[in-house]
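If you're wondering where the values come from, they're calculated on a predicted model, not measured in any experiment. Atom set for the values below is all heavy atoms of this structure, side chains included, hydrogens, waters and symmetry mates excluded. Order of appearance sets the numbers: ligands from 1, and atoms from 1 within every ligand.
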Amino acid sequence: MTIQSSAVAFDNALADNYSLVAFNVITLEHAQAIVWGAERAKTPVILQLSENAIAYQRDASPLAAAMVALAADASVDCVLHLDHITRDDIAHKVADWGFSSLMWDSSTLPFEENLAATRDMATWAHTKGVWVEAELGEIGGKDGAHHPSARTKPTEAASFVAATRVDALAVAVGSSHAMAKKSAELDLDLIADIANHVDVPLVLHGSSGVPDPMLRDACSAGIRKVNIGTALNLAATSVIRDVLSENEALSDPRRFLGPARDQMADVVAHYLELLATPRS
Ligand code: 13P
Ligand code: G3H
Ligand code: ZN
């Protein structure tokens, strides 16, 4: 068990009929919590670094190196992935950082322009052995505005995947990013319809807002990668609020970051046990 490529991780998941769960890393504590939670669940896991998280780090090399070190020492398979990348110069760092895959996000562009930009990125990435996820049908919430009504059209998904040759497709099926409540309603029939039209794994973004039973149903319908970010941050910040309000004199960050990390590891183990174990 060690660093695993997305290509092999998805082959394994398809063969054994489970979905992969990807968690967003912002700090070292997130990365530790993700690996420790996965070790507890005894399942593979994807650690992903978004373009916004990279911007927050200014230079993401130290955090990326920590992710590589944690993944290399893990007792389970860990995939290292870049999430929501819109800039070529950041995409081109993927291999330098020791990551095997990236999500190219030109989903805000009109269909033809999204297709052309995605095809160019996938062509470059495949010459480097990098696996590429792309998005069709803009999933809301990245800009703070929720529009869970966006939908990916199955026939467009088919032509988009064929023309771009991407390895996975993120689809708009009722979820929205950054939801603090699990109130999203997924269009399960649409997921199954898209899955029948394309032969690459489907990815659900904004999964923190989806109730657990619906996440399982979405995986049964064809979702093969579930992205979780906000649920980790909600867990961490709620513990930090509690610890600090109980002790206003506290100044040692280990006293609130430690419990926050434990809470995030619990969330990670929960989602992996729910989704990353073989479906009967
Ligand atoms: P949430 O933050 O809404 O869970 O979304 C995560 C995600 O889609 C990462 O790409
Ligand atoms: O897609 C959403 C992820 O949680 C990453 O969010 O772009 O704000 O880092 P972010
Ligand atoms: Zn996302």
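- Looking at atom 2 (O) of ligand 1, its nearest protein heavy atom turns out to be Thr230 OG1, 2.6 Å.
- Counting heavy atoms only, Ala178 comes closest to atom 3 (O) of ligand 1 of the residues Ser176, Ala178, Ser208.
- Of all atoms in ligand 2, numbered sequentially from 1 with element shown, those under 4.0 Å from a heavy atom of Asn52 are 7 (O), 8 (O), 9 (O), 10 (P).
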| task | Apply salt bridge (charged side-chain N to carboxylate O under 4.0 Å, His left out) to the pair Asp266 and Arg40, showing each step before the final yes or no. | result | CA-CA 9 Å; Asp266 287 351; Arg40 200 188 315 154; 2.9 Å; yes
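- At least one heavy atom of Lys142 sits less than 4.0 Å from an atom of ligand 2.
- If you look at Asn233 next to ligand 1, there are no close heavy atoms at all, none under 4.0 Å.
- Side-chain contact check for Thr237 and Asn233: no donor-acceptor pair (N or O, by modelled atom type) lies under 3.5 Å.
- Considering each of Ile228, Asn24, Asp83, the one bringing a non-hydrogen atom nearest atom 4 (O) of ligand 2 is Asn24.
- Close approach to His177 involves these atoms of ligand 2, each under 4.0 Å from a residue heavy atom: 1 (O), 2 (C).
- Here the protein heavy atom with the shortest distance to atom 9 (O) of ligand 2 is Ser50 OG, 2.6 Å.
- A donor-acceptor contact closer than 3.5 angstrom links the side chains of Ser101 and Ser6.
- The contact set between ligand 2 and His84, taken as ligand atoms under 4.0 Å from a residue heavy atom, comprises 1 (O).
- For Trp124 and His92, the ring centers are positioned less than 6.0 Å apart.
- Ligand 1 lies out of reach of Met103, whose nearest heavy atom is not under 4.0 Å from it.
- From the protein, the heavy atom lying nearest to atom 10 (O) of ligand 1 is Asp83 OD2, 2.6 Å.
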